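Notes to accompany the following structure.
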Amino acid sequence: MSRSLIIAAAIVAICLSLAAVPAPAAADDAWNKETPAARDARMQWWRDARFGMFIHWGLYAIPAGQWNGEPVGGIGEWIMDRANVPIAEYEELAPRFNPVKYDAADWVRIAKDAGAKYIVITSKHHDGFCLFDTDATEWDVVDATPYGKDLLKPLSDECRKAGLKFCTYYSIMDWHHPAQYRGSEKRYNPTKIHPERKAEYMAYMKQHLKELLASCDPEVLWFDGEWPDWYTEQDGRELYNFLKELKPSIIINNRVGKGRKGMEGLSKDDQQYVGDFGTPEQQIPATGLPGVDWESCMTMNRTWGFKSDDHDWKSAETLVRNLVDIASKGGNYLLNVGPTAEGLIPAPSVERLGAIGRWMRAGGESIYGTEASPFAETPWGRCTRKKLDGGKSRLYLHVFDWPADGRLVVPGLDGDVAGAVLFVEGGTEKLRTRSTPEGLVIRVPPAAPDPVCTVVAVDVE
Ligand code: H79
């Protein structure tokens, strides 16, 4: 295989692994002894939440996409790999990391005002640098930086005060730990491991996870960097079990394991793989992922970690519609911010989160605690639904393309309609409906109350 083919194959393999989803549990494994009812109870808050804020923060915010005065392509948090930076040189960032403007309460307020119900923050990205206090290494914010304080503990405290769930990201691949080494001359990714040091590294990860649970008590452990060949599905089950024993209510993403890779030779039951939800990255699956829990993680510009020259921001309209689109397919939206090395969430991100929050203050009812659309197609936009008491359902129609003729047609909806209302500023207005051979026709005013996304709620038997 040529070099470029190998790289292309590696990218495809990574993308496949990022989209992999957990299958229903097999009965005979320690990692999935849970009954379906217990699992539903454990997942309930997460399923209802629908919207979370992702935070990628670390030393890479200092170079912010440039190394030795040269712009470095790709995502900002990968700069160590992309610019081929030796470990000793990368370590020189730590004495320069002093985020004196960091205000955990402010970040939580920004997330809460946006309508997010949970925060997922990097505890350790691929560069191995820990944002929390750990005894396992000196490669952490407390020991290696002038700031000298744990960054995650205050955020977890503020989350709890504000009623948000605190969750944390953890990379398995580690470009700094001596058990691992560069995959090639020019790249850290994917790392290789010194086989005789793998047990030591597994213990290292477990110590981190134990420390994080003790200090921050996270509700979700969001793994990443699981694709190096030295890490196996069995290792994933080991970490999953370890965490579930320490905290039975914890929720763990599918990247704790490997997906179906390498399990082809096993029996069907043994092929069930570990993790509680699928993690499509930078994409929204066309028809959702039926039968499994999932969360799309996405950036607002092109990078996760802060890059000073990335101004390619998605519009607030796109972000609101992505949230609606994902909810209509039964998933969660994990929307990223990349704070600066000083500790500030960039203003364009704050503005966009504010716009989402303004939409969510009225529209949140149509997102939180809802289920996927019952319709295959809704030509004007999207739909979510909620079960009401007495066997009724409420359908939330999310109209992106407002009908010019004042007739909003819902194909495939017949049967008893108990009423329809339009969401307008400060409340709702009653709408008239009529059953026709085309479907339900709802009379709406000529102009959309909200051109980004107007909600019409219909109660059906
Ligand atoms: O943490 C964020 C990313 O750093 C991480 N996952 C999200 C949540 C991530 N890891 N890999 N990827 C995302 C996608 C992989 C992209 C790659 Fe590449 C393509 C790796 C090698 C080729 C991007 C481009 C990184 C280097 C070049």
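Note that ligands are numbered from 1 as they come in the structure, with each ligand's atoms numbered from 1 the same way. Given the structure is predicted, the values throughout are model-derived calculations rather than measurements.
Considering backbone and side-chain N/O of W222, none are found under 3.5 Å from N/O of ligand 1. When only interatomic distances are considered, the shortest N/O to N/O separation between W227 and ligand 1 does not fall below 3.5 Å.
Taking the six-membered ring for Trp and thresholds of 30 and 60 degrees, W46 and Y118 have ring planes inclined between 30 and 60 degrees apart.
Exactly one residue among E281, E233, E226 makes a salt bridge (Lys or Arg N to Asp or Glu O under 4.0 Å) with R255. That residue is E281.
Distances below 4.0 Å separate heavy atoms of Y169 from the following atoms of ligand 1: 1 (O). Of all atoms in ligand 1, numbered sequentially from 1 with element shown, those under 4.0 Å from a heavy atom of R82 are 26 (C), 27 (C). Those atoms of ligand 1 with a heavy atom of E77 less than 4.0 angstrom away are 2 (C), 3 (C), 4 (O). When each atom of ligand 1 is checked for a heavy atom of H126 under 4.0 Å away, the hits are 10 (N).
In this view, D450 and W359, V452, T454 satisfy the side-chain contact (heavy atoms from CB on, under 4.5 Å) rule, not counting sequence neighbours.
Closest heavy-atom approach to atom 9 (C) of ligand 1 among the candidates M298, R187, E281: E281. The closest non-hydrogen atom to atom 6 (N) of ligand 1, taken over D224, V120, D81, comes from D224.
Note that R321 lies in the cation-pi zone of F400, set by a 6.0 Å cut-off to the ring centre and a 45° limit from the axis. With a 6.0 Å cutoff to the six-membered ring centre and a 45° limit on the axis angle, K149 counts as a cation-pi contact of Y147. Relative to the ring axis of Y368, K117 places its NZ or CZ within 45° and under 6.0 Å from the centre.
Between H56 and Y169, a ring centre-to-centre spacing shorter than 6.0 Å is recorded.
Looking at N189 against ligand 1, only its side chain comes within 4.0 Å, counting heavy atoms.
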